[in-house]
Amino acid sequence: MKGKGTTAALLACALMLGACDKGEDEAAARAAAEARARAFAASEKPWRDERVAELTAPEGWTSVVGLHWIERGSHYAGTAGSNGIRMAKGPEHFGMLDLGADGHVRFVPDKGTAFTLDGAPLTGAVVLKSDADEGGPNKIGFDDGKGVATIIKRGDRFALRVKHGDAEARAHFAGIQYWPGGPEWKVTGRFVPHPAGTTLPIVNIVNMVEQVANPGAVEFTHAGKTHRLELLDQGEPTLFLVFADRTSGHGSYPAGRYLDLARPAANQQITIDFNRAENPPCAFTAFATCPLPPVANRLDLAVEAGERVYAKH
């Protein structure tokens, strides 16, 4: 009986030592994973800091306080209740906007208010360029430069977009949270070109549809599975990718996220860094016209990298 008891004791001790060793191994693995995560976050910090600086700049997306669609004819704008276009911030009487049959917006500034046009004093009526015109829109400055108004064009419609340095969303910016991500979410894809002139119908968040240049798709592999995403060309130096994935509405912004990608190299390769996946402007302001992911860009993949859904205060 004594021998059996000794054997049992030795066995129990061995099991306890094994459990201790296992626990130490698991703790070491967790510590190593946490160290890798900290190192990765540190490597991403410069880009993340720049992203926040852009969002919270005086004319960043958190400064947008209004998007006012302009119907044909003349409309007075300002913060006073008597105006047809009621602005959230700015002078009581901003001036008159007139959308003509020729598709041009004419602005007649209020005589009692100081304005600038593209940085120079504005004293009389002017026809405004929109963001669809070469060189971009004219900027109407007011409130000593804290306010900026521009004309945007979406489809065949025009709107007055208003930004202000004192915007509540800017003053109470809540910061950005990120998925863990990691080097494994930076993948090399293969560019698959489409015939010249190919377009893709893209619906935006205000339910407008635009045909956008679709030069090709990118195919990539993650965790042994191949995925394909359609690319858009908006006339920028980079190509544009708007996608949804299994985290959309489950930790990521429900309407998808955005990526700017370098155009394909000579060998038709494209780098996709999902760690840089951004929330669209609509996550930060109700006054944006964000394009939504086409059906082809709804990934059957949980992209646990890049920006998480913006948590407003």
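Fair warning: this is a prediction, and the values are worked out from it, not measured in the lab.
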Considering only heavy atoms from C-beta outward, does the side chain of [X] approach that of [Y] to under 4.5 Å?
X: P193; Y: Q268; value: yes
X: D98; Y: V108; value: no
X: P280; Y: Y253; value: yes
X: R154; Y: V206; value: no
X: H222; Y: W185; value: yes

Could you tell me whether [X] and [Y] make a salt bridge, using a distance below 4.0 angstrom between a side-chain N and a carboxylate O?
X: R157; Y: E71; value: yes
X: D131; Y: K153; value: no
X: K129; Y: E134; value: no

Can you get from [X] to [Y] by hopping between Ile, Leu, Val, Met, Phe, Trp and Tyr side chains that sit under 4.5 Å apart?
X: Y178; Y: L55; answer: yes
X: L200; Y: V242; answer: yes
X: V126; Y: F142; answer: yes
X: W179; Y: V187; answer: no
X: F287; Y: I152; answer: yes

Closest heavy-atom contact between [X] and [Y]?
X: L160; Y: I151; answer: CD1-CD1, 4.0 Å
X: T79; Y: G90; answer: CG2-O, 3.3 Å
X: A311; Y: A174; answer: O-CB, 3.0 Å
X: L292; Y: A255; answer: CD2-CB, 3.8 Å
X: T289; Y: N204; answer: O-CB, 3.6 Å

To the nearest 0.5 Å, what is the distance between CZ on R51 and CZ on R276? 12.0 Å
Roughly how far apart are I272 CD1 and I270 CD1, rounded to 0.5 Å? 7.0 Å
Main-chain N/O of [Y] paired with [X] side-chain donor or acceptor, under 3.5 Å:
X: S63; Y: P58; answer: yes
X: R257; Y: E307; answer: yes
X: R161; Y: T150; answer: no

Y258-F240 aromatic ring centre distance below 6.0 Å: yes
